[in-house]
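A short write-up of the structure that comes next.
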Amino acid sequence: MLVIFDCDGVLVDSEPLANRCFADALRREGLDWTVEETMRRLMGRSLKACLPIVEAELGRALPDDFIDRLNVDTFAAFRAAPVRAVVGIGAALDAIAAAGVPHCVASSGGHDKMRLTLGLTGLWSRLEGRIFSASEVARGKPAPDLFLHAARRMGAAPDACIVIEDSAPGIVAARAAGMRALAYVGAPWTDRAALQAEGGELFDDMRALPQLLGLVVQA
Amino acid sequence: MSAALLIFDCDGTLVDTEPFYNIAWTAVLNRMGLPWTVEDERRHLMGRPWADAVAIVERALGRKVPADFESIVWTEVQAEFAKRPLQAVDGVAEALGALRGPRCVASSNWEDKVRESLATTGLGGFFDPAHIFVAAMVKRGKPAPDLFLHAAATMGAAPMECVVIEDSVPGVQAGVAAGMRVLGYAGPFTDPEGLAAAGAELFDDMRRLPALLA
């Protein structure tokens, strides 16, 4: 078994901060989306994959430095808040490691972003060296490429992988890769119906994850 | 005059992390067709920020590195760490045992990583868990003086009464910029000329540290 964790929203509670920064950046470009709308339309995709969606809505191309400036603002927000770990994830990772189950991270975000969010939340040393980014493959989520890439590098067959995700593109990617997908719906903004419709098995408490993975024997 | 506060860098000064990085990077570069030795790697890449290191490698290779280069390197680094246990720097446990007075750690690494490194090498007991300071706590990391000044202020010591123990050039620059005395550990994985040029007093045996501070 290989457990593949999405990063944003599953390991670190970064989505509200990142989407607030994204909504602010869009407002400067003249697109008035609420934070909730930004989350609904863009969450789970790589920044590169978000651009065509926004540009179609805007009817023009975004400035060349849009992503660079957005990253500067977002990283500053992560440091200032600071970004927190998802409730219960530390204990879940401890239990998975104690059971000797291989696990890794596969995220639409870049390596620099993950170094920062995993570092600030104290999760870095547990995952270092097993972190894969959409920047490493041709097509990001919802394509299966990133999960297949992570499985290959970790030496696991796709049907032996279990993906932990919180976004619809992520669940679609996992299912397209032939993997079981557990959908974490503990955050209030999660679209439960969409995650279930895409084939995710819903759960809303990270503390229950070891048991869902079959690692805790009930007394 | 004896120091009011000793400030130790972690990676390379307390724990012997550098060989793992040297060997892992060299292995990755060799597989990509760049015939560098461990010494070449050390001279060209050690202590450099990620983007600078990648640019140097791409110039040497004459082509771009693959898209998954960063995860290849970190996977190799992690595999190297899995091969053998991380060790304390030679002689540092004896030195810490002989030293008296307030001391703390100030590192560019992440807090959980520093705690893990100190715990696995048996050095954790030499430091109060509350006296671990990391770059994430300040606005600018080394070579800016912010981290050392933050550590000194939190520990209630005046900068001019602090002594910094470092093994990297940016670390020495940070200590000098903070107005502190800096001892440069010129061990086998360091750049002694660079450390001296940045203003460090060099020493190459951790066992001599208590005498240097007496």
Using a cut-off of 6.0 Å, state whether more than 12 heavy atoms not belonging to Arg20(A) lie near its atom CZ.
-> no

Quick check: are there more than 12 heavy atoms from other residues, nucleotides or ligands sitting under 6.0 Å from CG of Asp65(A)?
-> yes

Would you mind telling me which of Gln78(B), Glu76(B), Lys139(B) has the largest number of heavy-atom pairs within less than 4.5 Å of chain A?
-> Gln78(B)

Top of Val73(B), Asp68(B), Val77(B), Val134(B) for chain A proximity - count of heavy-atom pairs under 4.5 angstrom | Asp68(B)

Honestly, the part of Trp110(B) sitting under 4.5 Å from a heavy atom of chain A is side chain

At a heavy-atom separation under 4.5 Å, does Glu116(B) approach chain A through its side chain, its backbone, both, or neither?
->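 Only the side chain of Glu116(B) comes within 4.5 Å of chain A.
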
Are side-chain N/O atoms of Arg130(A) and Thr75(B) paired as donor and acceptor at under 3.5 Å?
->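 Thr75(B) and Arg130(A) do not have a side-chain donor-acceptor pair below 3.5 Å.
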
Report which part of [X] has an atom under 4.5 Å of a heavy atom belonging to chain B: side chain, backbone, both, or neither.
{"X": "Leu123(A)", "value": "backbone"}
{"X": "Leu120(A)", "value": "both"}
{"X": "Arg115(A)", "value": "both"}

Where is the tightest heavy-atom contact between [X] and [Y], given as atom of each residue plus distance?
{"X": "Ser135(A)", "Y": "Ala67(B)", "value": "O-CB, 3.4 Å"}
{"X": "Asp112(B)", "Y": "Gly119(A)", "value": "OD1-O, 4.4 Å"}
{"X": "Glu136(A)", "Y": "Ser71(B)", "value": "OE1-OG, 2.7 Å"}

Got Glu70(B) and Asp112(A) here, is their nearest side-chain heavy-atom distance under 4.5 Å?
->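 No, every pair of side-chain atoms sits at 4.5 Å or beyond.
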
Donor-acceptor pairs under 3.5 angstrom involving side-chain atoms of residues 145-154 of chain B: please list them, not counting sequence neighbours.
unit_1    : atom_1 : unit_2    : atom_2 : d
Asp146(B) : OD1    : Arg140(B) : NE     : 3.4
Asp146(B) : OD1    : Arg140(B) : NH2    : 2.9
Asp146(B) : OD2    : Arg140(B) : NE     : 3.2
Thr154(B) : OG1    : His150(B) : O      : 2.7

Separation between NZ (Lys113(B)) and CG (Leu118(A)), nearest 0.5 Å, reads 13.0 Å

